Amino acid sequence: MFATLRRTVLAALLAGGLPFFVQAASNSTPGHFAEQQLRHIATYFPGRMSGSPAELLTADYLQQQFSQLGYQSNTRQFKTSYSWLEKKGESRTHKVTATSVIAARAGEVPQEILIVTHLDTWTPLSRHEADNNLGGLRLQGVDDNASGLGVMLELAQALSKTPLHYGVRFVALSAGEAGLHGMDDYLARMSAQEKKNTLLVIDLNSLIVGDHLYFNSGINTPAAVRKQTSTRAVQLAHRYGISAASHAMTARDYPGVNPFDKAGMPLMDVTAANWTLGNKDGQQQRARSSHFPEGNVRHQTERDNLNYLDHWLPGRITQRTRDSVKILLPLLTELANPTT
């Protein structure tokens, strides 16, 4: 029934004139392809809530893109749930079937680098959130997290024909907005050997609105790995004149302890925020203002969309997709093909 629903919705949208993005030829401008993908996903797949038709279509689209780039790619479904709170305090559990996308390219040796991001948008968890326009069917989720998906796809495009010593695996996880259950599901399916062979996890999330790009190291990431990853990323950023910083994550940082980090895998968390503001935990992305009263746009349907961000942060989407790729691509190339 699940597969039938996907085919039915896909056919209906195609009949209604929904264009599927065609892989563009490699563009010499870093971030150009990432921005194209970001805008396409935000425009044609709003409301990518876990278990929704829009999420199914997004997963199909991403799987198609990876396959066209020559990756071994597939979708993976899993069961998850969330609690819905009514105004009177009544709580109900909603069970959904979420869909993640996995694409991989093997290297010369079994070890690999894992690049993850979440593909879902915020699902309202209460009548209060729904009434206040948090999440739902109209949320484009440009910053959170079409930005991560766009950058991931450009990195995949650039590495699709590069010789690799260590393999790369791209994973667009669902249920990122549901307690990081997508990460939990992925980890639960990994064998002990697969975990051992994972040299590094790079998590891409909300790359546009924050004041600075942060390349944060996980709580359990060894100092030597931090030097090769987070510290190196900041060095590359400064070489290109890009504002960037690194923060050693703690248990109090937003959005909580990363499951990959908890499992003992080296982690680099990539996001745009401002750790000097608010509770200094990364939740606040920028100074509060009349246009950004919360200091962020997460889950806000009326703000986390292309029209709003292009108007109040003109040029920011182009700048951040470019900067993210300019830093991450050479870093990934170095890590996947070490010289020593």
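These figures come from a predicted structure and were not determined experimentally.
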Residue list, side-chain contact (heavy atoms from CB on, under 4.5 Å) with T231, at least two apart or on another chain: Q235
Short side-chain to backbone donor-acceptor contact, Q300 and N296, under 3.5 Å: yes
Distance (rounded to the nearest 0.5 Å) between L204 CG and L155 CG: 7.0 Å
Residue pair Q37 / Y61, side-chain donor-acceptor N/O under 3.5 Å: yes
CA sep, side-chain torsions, deciding dist, call: R48, E55, salt bridge (charged side-chain N to carboxylate O under 4.0 Å, His left out): CA-CA 4 Å; R48 305 179 294 278; E55 185 210 41; over 6 Å; no
Side-chain donor-acceptor pair present, E129, N133, cut-off under 3.5 Å: no
D304 side chain to D143 backbone, donor-acceptor under 3.5 Å: yes
4.5 Å side-chain heavy-atom contact, T99 and S174: no
Any donor-acceptor N or O pair under 3.5 Å, side chains E294, Q285: no
Heavy-atom donor-acceptor pair, R226 side chain to P266 backbone, under 3.5 Å: no
T271 vs D269 side-chain heavy atoms within contact, under 4.5 Å: yes
Any side-chain donor near an acceptor of the partner, N279 and R252, under 3.5 Å: no
H291 backbone acceptor or donor facing Y308 side chain under 3.5 Å: yes
Between N145 and T117: side-chain donor-acceptor atoms closer than 3.5 Å: yes
4.5 Å side-chain heavy-atom contact, T162 and N337: yes
Beyond-backbone contact of F260 with V116, side-chain heavy atoms, under 4.5 angstrom: yes
Residues, nucleotides or ligands: over 12 heavy atoms within 6.0 Å of K326 NZ: yes
D185 CG to T80 OG1 distance, which is reported to the nearest 0.5 Å: 8.5 Å
Donor-acceptor under 3.5 Å (R288 side chain, P293 main chain): yes
ILVMFWY network linking I208 to W122, side-chain heavy atoms under 4.5 angstrom: no
Exercise: do D144 and H118 side chains pair donor with acceptor under 3.5 Å: yes
Inter-residue atom distance Q64.CD - L69.CG, 0.5 Å rounding: 10.5 Å
CZ on F66 to CD1 on I102, rounded to 0.5 Å: 10.5 Å
Under 3.5 Å donor-acceptor, R316 side chain and V209 backbone: yes
Joint cluster assignment, V297 & I317, ILVMFWY side-chain distance < 4.5 Å: yes
Path from L153 to L119 over hydrophobic side-chain contacts below 4.5 Å: yes
Flag, side chain of Y71 to backbone of A156, donor-acceptor distance under 3.5 Å: yes
Joint cluster assignment, I115 & L199, ILVMFWY side-chain distance < 4.5 Å: no
Nearest-0.5 Å distance that lies between atom CG in L328 and atom CG in L236: 9.0 Å
Side-chain donor or acceptor of N132 paired with backbone N/O of L134 under 3.5 Å: no
pair L164-R105: side-chain heavy atoms closer than 4.5 Å: yes
Flag for W275-Q284: side-chain donor and acceptor within less than 3.5 Å: no
Polar side chain donor-acceptor pair, T97 to K79, under 3.5 angstrom: yes
Side chains of L335 and L331 in contact at under 4.5 Å (non-hydrogen atoms): yes
Side-chain touch T198/Q111, heavy atoms, less than 4.5 angstrom: no
Residues D310, R39; criterion salt bridge (charged side-chain N to carboxylate O under 4.0 Å, His left out); working and verdict: CA-CA 11 Å; D310 280 337; R39 291 182 179 278; 2.9 Å; yes
Donor-acceptor pair between E35 and T318 side chains, under 3.5 angstrom: yes
Hydrophobic cluster identity match, I242 and L329, side-chain contacts under 4.5 Å: yes
Side chain to side chain, L173 and D120, heavy atoms closer than 4.5 Å: no
NE2 (H94) with more than 12 external heavy atoms under 6.0 Å: yes
L207 backbone acceptor or donor facing S147 side chain under 3.5 Å: yes
Straight-line distance of R189 CZ to F78 CZ, nearest 0.5 Å: 8.0 Å
N216 (side chain) donor-acceptor with H247 (main chain) under 3.5 angstrom: yes
E194: side-chain contact (heavy atoms from CB on, under 4.5 Å) partners, not counting sequence neighbours: M190, S191
